[in-house]
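Whatever order the structure lists ligands and atoms in, that order sets their numbers, starting from 1. What you are looking at is a predicted structure, and each value in this text was computed from that prediction instead of being measured.
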Amino acid sequence: MVTGAAPRVGVLALQGAFREHRHRLESLGARVTEVRLPTDLAGLGGLILPGGESTTMARLMDEYDLWDPMRDFHASGGALWGTCAGAILLAREVEGAPPQFGGRQRSLGLLDLTVRRNAFGRQVDSFQTSLDVRGLGAPFPAVFIRAPAFTGVGEGTAVLATHAGAAVLARQGRVLASAFHPELTGDARLHRLFLGLVQEAVPAL
Ligand code: GLN
């Protein structure tokens, strides 16, 4: 349970695994808003971008005019966490965009790293493993589904966990990105960490 006033957190609800994040956040005492339109961001302290299909989410973000409002949300102090496809949307640069996108894919550029899509293989190569996460005690159970890897990590970005030599959890100030899906296992520690960022209870790096 979070102490103090319940933090208000949004979950981008255009596509993908947003309900699982919602339930996890609510179980930790947060008040959750499903974000589909720019006006839904009003009054929120944090926003989770879920896993799903980043190209589909990017297209819906075009349609609902969410790009600039999400950047403004960050600029005005909002915390952001992207899981899997959501991490792709946050990155400075995306590698491995499909040919119909001309090999280029739009992203928010709020996290100083390059993300390589589908770095661990296709859907059939999905797997679960345990990660040593900097700052957490016991290993963290992590589900990887057509997951990206973080490459070209910028100086101001801290790598908090790696798998098979690749960065899979990173943080830059109030922006967190995981290549895996913490909402699909029973471990709430990363959601708790994120609520700490939302409440500015975790010092910025
Ligand atoms: N491979 C997907 C993408 O590039 C992400 C998969 C996921 O979010 N589980 O968007």
Side-chain angles (χ1 to χ4, degrees), residues 9-25 32 34-36 46-64 66-67 70 80-131 133 140-153 159-171 175-188 190-191 194:
V9 181
V11 180
L12 187 66
L14 301 174
Q15 188 261 341
F18 58 88
R19 288 180 194 86
E20 291 81 354
H21 279 295
R22 176 181 191 137
H23 296 148
R24 176 62 50 81
L25 290 166
V32 180
E34 292 188 359
V35 171
R36 295 184 180 85
L47 177 68
I48 291 184
L49 290 70
E53 177 52 47
S54 58
T55 52
T56 304
M57 280 195 251
R59 191 171 47 72
L60 292 167
M61 283 166 64
D62 284 340
E63 205 158 302
Y64 295 112
L66 277 163
W67 293 94
M70 281 169 66
L80 293 129
W81 179 13
T83 58
C84 204
I88 296 169
L89 294 170
L90 286 175
R92 166 174 40 77
E93 204 179 324
V94 181
E95 283 176 2
Q100 63 267 33
F101 282 65
R104 292 185 61 81
Q105 187 171 324
R106 203 171 169 193
S107 59
L108 287 161
L110 297 177
L111 188 63
D112 188 10
L113 50 75
T114 302
V115 74
R116 186 180 307 138
R117 296 182 67 219
N118 304 321
F120 298 102
R122 297 175 301 136
Q123 193 84 17
V124 289
D125 302 315
S126 300
F127 59 95
Q128 178 160 352
T129 187
S130 283
L131 297 175
V133 175
F140 193 90
V143 177
F144 288 78
I145 304 168
R146 287 196 305 126
F150 306 151
T151 60
V153 178
V159 173
L160 304 183
T162 60
H163 175 69
V168 292
L169 179 66
R171 178 184 164 199
V175 183
L176 189 65
S178 53
F180 52 93
H181 287 263
E183 77 287 7
L184 297 183
T185 55
D187 196 319
L190 286 181
H191 284 80
F194 181 65

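- No more than 12 heavy-atom neighbours from other residues, nucleotides or ligands sit within 6.0 angstrom of CZ on R116.
- Of all protein heavy atoms, the one lying nearest to atom 7 (C) of ligand 1 is C84 SG, 2.8 Å.
- Close approach of ligand 1 to I88 (heavy-atom distance below 4.0 Å) involves ligand atoms 3 (C), 4 (O), 10 (O).
- Side-chain contact, S107 with E93: no donor N or O sits under 3.5 Å from an acceptor N or O.
- Of all atoms in ligand 1, listed by their number and element, those nearer than 4.0 Å to a heavy atom of G51 are 8 (O).
- Numbered from 1 in the order shown, with element, the atoms of ligand 1 that lie under 4.0 Å from a heavy atom of N118 read 1 (N).
- For atom 2 (C) of ligand 1, the nearest non-hydrogen atom from the set G52, G82, P50 belongs to G52.
- Assignment of M57 to the shell around ligand 1 is not supported, since no heavy atom sits closer than 4.0 Å.
- Close N/O approach between R146 and ligand 1 is found [any backbone or side-chain N/O within under 3.5 Å].
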**OP:** Apply ring-ring contact (aromatic ring centres under 6.0 Å, His included) to F18 and H23, showing your working.
**Re:** CA-CA 9 Å; F18 58 88; H23 296 148; 9.6 Å; no
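- When every heavy atom of L113 is checked against every heavy atom of A170, the shortest pair comes out as CD2-CB, 3.8 Å.
- Annotation for A13 and E34: closest pair CB-CB, 3.8 Å, computed over non-hydrogen atoms.
- Less than 4.0 angstrom separates some heavy atom of I145 from each of these atoms of ligand 1: 6 (C), 7 (C), 9 (N).
- For R117, every heavy-atom contact with ligand 1 shorter than 4.0 Å involves the side chain, none the backbone.
- Annotation for F180 and V143: closest pair CB-O, 3.2 Å, computed over non-hydrogen atoms.
- On a distance-only criterion, S54 and ligand 1 share at least one N/O pair closer than 3.5 Å.
- A salt bridge between R22 and E20 is absent, with no side-chain N of the basic residue lying under 4.0 Å from a carboxylate O of the acidic one.
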